[in-house]
Amino acid sequence: MESMAQCTRCGLAEIRTQVVIGRGSETARVMFTGEAPGKEEDRTGMGFQGSAGKIFEDVLSYLGLTRGEIWLNNVVRCRPTDTGKKNRPPRGEELDACRPWMLEDIGRVRPAIIVTLGRMAFESLTGETDFQGCRGRLYKASDPSIPEIFPLAHPAYLIYRRSSMPQYREDLDRLHQALAARGVVSNPVVPKRFL
Ligand code: SF4
């Protein structure tokens, strides 16, 4: 059987360093799903590194979670780039080619909630294009194999938009309520940068 780490279903296989596979707990009740690996993720094979990765860790900390308690993946598992220097958004054919790996993760881990990080991850999983209108509350996809989704802005969004922090915090508070209602988290520890 083909393994994800050797996947050649789309052209990104030719330019990646490695497939950035999902990581975390196989029994996680919450899955966090981003868009695609960047340069650092492609180099290390680990999801959410660098500045966005630091904010992501703060988001988890705010929710009272650690990387070891969640499942973390991307809708596209190889770095999209044309030049090798700049990342680019994944193309439709790359998203389509990688979707079976996403569905495999969902079927194996069986999370109660998927938190999508950024517009593209949300759109790719649901087909819903009104990210802003859906952001920050639970969303039920029409595909019955997809669990409840909670769309959040991508952590990288906050790097240059610190003024968006209050709104982001409100979204996180609603996410925390949803996770607590399903017994996924108890009390959050709020890091200073979010105060
Ligand atoms: S992006 Fe997905 S479909 Fe394309 S080669 Fe990588 S793992 Fe395979």
Side-chain angles (χ1 to χ4, degrees), residues 20-77 79 87 102 105-106 108-126 131-132 134-139 146-195:
V20 180
I21 62 172
R23 288 182 192 271
S25 166
E26 294 271 356
T27 57
R29 305 228 32 244
V30 56
M31 181 179 283
F32 285 78
T33 299
E35 178 179 306
K39 189 173 184 182
E40 193 59 14
E41 289 80 11
D42 177 65
R43 188 182 70 78
T44 61
M46 308 287 288
F48 279 83
Q49 301 296 296
S51 306
K54 287 194 180 69
I55 295 177
F56 178 63
E57 305 247 341
D58 285 342
V59 165
L60 288 184
S61 180
Y62 187 89
L63 295 167
L65 290 165
T66 65
R67 284 192 188 232
E69 294 171 303
I70 66 163
W71 188 257
L72 176 63
N73 60 15
N74 287 303
V75 287
V76 164
R77 311 295 167 101
R79 181 191 178 206
N87 301 329
M102 185 69 211
D105 272 10
I106 292 171
R108 193 181 66 258
V109 179
R110 302 175 66 81
I113 293 184
I114 299 177
V115 181
T116 53
L117 301 166
R119 181 187 61 79
M120 188 161 289
F122 176 63
E123 256 186 60
S124 164
L125 268 184
T126 63
F131 171 74
Q132 277 305 329
C134 297
R135 201 209 74 248
R137 33 188 63 80
L138 283 166
Y139 181 94
I146 308 274
E148 284 184 298
I149 289 180
F150 195 99
L152 269 185
H154 195 284
Y157 178 80
L158 295 172
I159 296 173
Y160 302 109
R161 298 177 189 82
R162 305 302 289 180
S163 60
S164 301
M165 193 62 86
Q167 186 188 51
Y168 205 82
R169 201 185 301 116
E170 283 177 22
D171 291 352
L172 288 180
D173 288 343
R174 280 196 293 274
L175 172 57
H176 183 265
Q177 282 171 13
L179 294 173
R182 288 152 184 80
V184 183
V185 296
S186 50
N187 289 327
V189 177
V190 183
K192 282 196 173 63
R193 69 188 298 170
F194 274 104
L195 291 174

Residues Y168, V59; criterion side chain to side chain contact (heavy atoms under 4.5 Å, CB included); working and verdict: CA-CA 10 Å; Y168 205 82; V59 165; 3.8 Å; yes
Smallest separation among heavy atoms of V76 and P37, with atom names: O-CD, 3.1 Å
Gap separating the CZ atom of F122 from the NE2 atom of H154, nearest 0.5 angstrom: 15.5 Å
Atom pair CD1/OG1 of I146 and T116 - distance to nearest 0.5 Å: 11.0 Å
Test item: R174 side-chain N/O and G136 main-chain N/O as donor-acceptor pair under 3.5 Å: yes
Smallest separation among heavy atoms of L172 and L63, with atom names: O-CD2, 3.6 Å
Nearest non-hydrogen partners of G45 and V20, listed with the distance: O-CG1, 3.6 Å
Distance, nearest 0.5 Å, that separates CD1 of I114 from CH2 of W71: 13.0 Å
Where P151 and C134 come nearest, the two heavy atoms and their spacing: CG-O, 3.5 Å
Pairs satisfying side-chain hydrogen bond (donor to acceptor under 3.5 Å, both in side chains), at least one member in residues 34-45, at least two apart: T17-D42, E40-R43
Check: G24 main-chain N/O paired with E26 side-chain donor or acceptor under 3.5 Å: no
Heavy-atom neighbours of R108 CZ exceed 12 at 6.0 Å: yes
F32 and F56 aromatic ring geometry - parallel, tilted or perpendicular at 30°/60° bounds: perpendicular
Side-chain (R182) to main-chain (R29) donor-acceptor, under 3.5 angstrom: no
Separation of I70 CD1 from M31 CE (nearest 0.5 Å): 10.0 Å
Under 3.5 Å: donor-acceptor pair, side chain of H176, backbone of D171: no
Shortest non-hydrogen contact between A121 and G34, atoms and distance: CB-O, 3.6 Å
Exam field: side chain E69 to backbone T66, donor-acceptor pair closer than 3.5 Å: yes
Verdict with reasoning, F48 to N74, per side chain to side chain contact (heavy atoms under 4.5 Å, CB included): CA-CA 10 Å; F48 279 83; N74 287 303; 4.0 Å; yes
Nearest-0.5 Å distance, CG of residue L158 to CZ of residue R169: 10.5 Å
Verdict with supporting geometry, I149 and T33, side chain to side chain contact (heavy atoms under 4.5 Å, CB included): CA-CA 10 Å; I149 289 180; T33 299; over 6 Å; no
L179 side chain reached by V30 side chain, heavy atoms, under 4.5 Å: yes
Shortest non-hydrogen separation from A52 to P155 and the atoms involved: O-CB, 3.7 Å
Separation between CZ of R67 and CG of L60, rounded to the nearest 0.5 Å: 7.0 Å
